[in-house]
Amino acid sequence: MDRPQVEAVFFDWYGTVADIGALVVACEAAAPGHGPELAARWRARQLELTWLRTVMGAWADFEAVTADALATALSELKIDAAGAALARLASAFVELPARPEAVAALADLRRAGLRLGVLSNASRGMLVIGLDRTGLRSAFDDVLSVDAVRRYKPDPAVYRLAVEAVGTGPDRIGFVTANGWDAAGAGSFGLRVAWLPNGAGQTLPRVGAPEPVVAGWPQLVEVFRPRSLPS
């Protein structure tokens, strides 16, 4: 049986549309010689804190989580960053550039007649700043933050926000992410997932989630284009 036509496509923000690789530059400027290591540790601790806070029911918004993760990473790596350098580093997450290929894909999907949204762990304030800085605020019909449910992905309550915004079933909503854990969470909830792994050798978590479509940015319009449009 054919699956229902996709009506809307939602995008993860950090690491998917927003290029998290740019953190290395900011980290290197604040801690010369430690850029890649600090960026990786910061991101890892950030995600760990979101998962822990969701399981524990101990909500703090993404801005606070990001600051706590940075402090933890600096301490673990014994890096002394203070003053102006630390302030610039702390703001790095809202200053990430958009991937050029993501901008092109959004335009293609819009031309295909799809409703577009962003569904992010970012606080509402961080997300709006990031969208404004990248010039992408007008690209999305829906801008959804986990602030609305006070839980983080991959909690099902977060993915449900997309269903509530569109007013249709999860099988009519596409979801695009470069993060394997996010692909697993969205797929388990029932969204139609396109996974865009950023590097070779990435694997999905073994949690029994449905297999996503593995794609590149240029293929997204083919993955989600309504069948009523001519090929």
Side-chain angles (χ1 to χ4, degrees), residues 6-26 39 42-43 46-47 50 61-63 65-66 88-149 152-153 158-159 161-167 172-179 182-183 185-186 191-198 212-213 215-226 229:
V6 169
E7 299 176 12
V9 179
F10 282 78
F11 289 78
D12 172 52
W13 184 250
Y14 291 119
T16 303
V17 177
D19 185 3
I20 211 165
L23 279 182
V24 174
V25 176
W42 186 7
R43 177 60 168 165
Q46 182 192 56
L47 292 175
T50 64
D61 70 20
F62 202 61
E63 188 169 356
V65 165
T66 300
R88 286 194 299 272
L89 184 55
S91 66
F93 262 89
V94 296
E95 297 176 354
L96 296 174
R99 296 180 184 277
E101 59 270 39
V103 176
L106 288 169
D108 288 342
L109 290 165
R110 175 68 71 191
R111 283 191 292 270
L114 287 158
R115 177 172 173 167
L116 302 180
V118 58
L119 176 61
S120 176
N121 273 343
S123 67
R124 178 73 185 185
M126 291 178 73
L127 191 51
V128 167
I129 291 171
L131 287 167
D132 284 344
R133 288 183 64 91
T134 58
L136 289 177
R137 194 169 186 180
S138 63
F140 296 105
D141 303 289
D142 302 286
V143 176
L144 306 180
S145 162
V146 295
D147 286 359
V149 292
Y152 287 102
K153 293 189 285 183
V158 179
Y159 304 110
L161 290 172
V163 170
E164 293 171 351
V166 179
R172 291 182 177 271
I173 298 175
F175 184 72
V176 179
T177 182
N179 297 298
D182 198 12
L191 300 181
R192 305 265 288 274
V193 180
W195 179 40
L196 283 61
N198 285 328
V213 173
W217 286 102
Q219 287 80 53
L220 290 182
V221 72
E222 298 299 327
V223 173
F224 295 122
R225 182 176 54 189
L229 294 181

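A donor-acceptor distance shorter than 3.5 angstrom exists from the side chain of W42 to the backbone of T66, with no hydrogens or angles considered.
Atom CD of residue E7 and atom CD1 of residue I173 lie 8.0 Å apart, to the nearest 0.5 angstrom. Atom CZ of residue R192 and atom CZ of residue F10 lie 14.5 Å apart, to the nearest 0.5 angstrom. Between L23 atom CG and R43 atom CZ the span is 8.5 Å, to the nearest 0.5 Å.
In this structure the side chain of V176 reaches within 4.5 angstrom of the side chain of F224, judged on heavy atoms. L47 has its side chain out of reach of Y152: every pair of non-hydrogen atoms, C-beta onward, lies at least 4.5 Å apart. A 4.5 Å side-chain heavy-atom check between F11 and L136 finds every atom pair outside the cut-off.
Listed by chain and number, the residues in a side-chain contact (heavy atoms from CB on, under 4.5 Å) with Q219 are A215 (sequence neighbours excluded). With sequence neighbours left out, the salt bridge (Lys or Arg N to Asp or Glu O under 4.0 Å) criterion links E222 to R225. With sequence neighbours excluded, the residues forming a side chain to side chain donor-acceptor pair (under 3.5 Å) with R110 are D141, listed by chain and number. Listed by chain and residue number, D182 satisfy the side chain to side chain donor-acceptor pair (under 3.5 Å) test with Y159 (two or more places apart in sequence, or in another chain). With sequence neighbours excluded, no residue forms a side chain to side chain donor-acceptor pair (under 3.5 Å) with N121. Applying the side chain to side chain donor-acceptor pair (under 3.5 Å) test to D108 and every residue at least two apart in sequence or in another chain returns R111.
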### Task
Begin from the C-alpha positions of F62 and D147 and carry the test side-chain contact (heavy atoms from CB on, under 4.5 Å) through to its verdict.
CA-CA 9 Å; F62 202 61; D147 286 359; 6.0 Å; no
### Message
As a quick check of understanding, evaluate side-chain contact (heavy atoms from CB on, under 4.5 Å) for R172 and V166, giving each step before the final call.
### Response
CA-CA 9 Å; R172 291 182 177 271; V166 179; over 6 Å; no
### Message
If you apply the rule side-chain contact (heavy atoms from CB on, under 4.5 Å), what do you find for L196 with W217, and how did you get there?
### Response
CA-CA 7 Å; L196 283 61; W217 286 102; 3.2 Å; yes
### Query
Given the rule in the side-chain contact (heavy atoms from CB on, under 4.5 Å) test, do D12 and K153 qualify, once you have shown the distances and angles that lead to the verdict?
CA-CA 10 Å; D12 172 52; K153 293 189 285 183; 2.9 Å; yes
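Partner of W13 under the side-chain contact (heavy atoms from CB on, under 4.5 Å) criterion, out of L119, T177, V118: V118 alone.
Shown here for L220 and A194, the closest heavy-atom pair between the two residues is CD2-CB, 3.7 Å. The shortest heavy-atom contact between G15 and N198 is O-ND2, 3.3 Å.
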Check: residues 122-132 side-chain donor-acceptor pairs under 3.5 Å, at least two apart:
residue: S123; atom: OG; partner: M126; partner atom: N; Å: 3.2
residue: R124; atom: NH1; partner: V143; partner atom: O; Å: 2.6
residue: D132; atom: OD2; partner: R137; partner atom: NH1; Å: 3.4

For residues 92-103, which side-chain N or O atoms pair as donor and acceptor with protein atoms under 3.5 Å away, sequence neighbours left out?
residue: E95; atom: OE2; partner: S91; partner atom: OG; Å: 3.2
residue: R99; atom: NE; partner: T16; partner atom: O; Å: 3.0

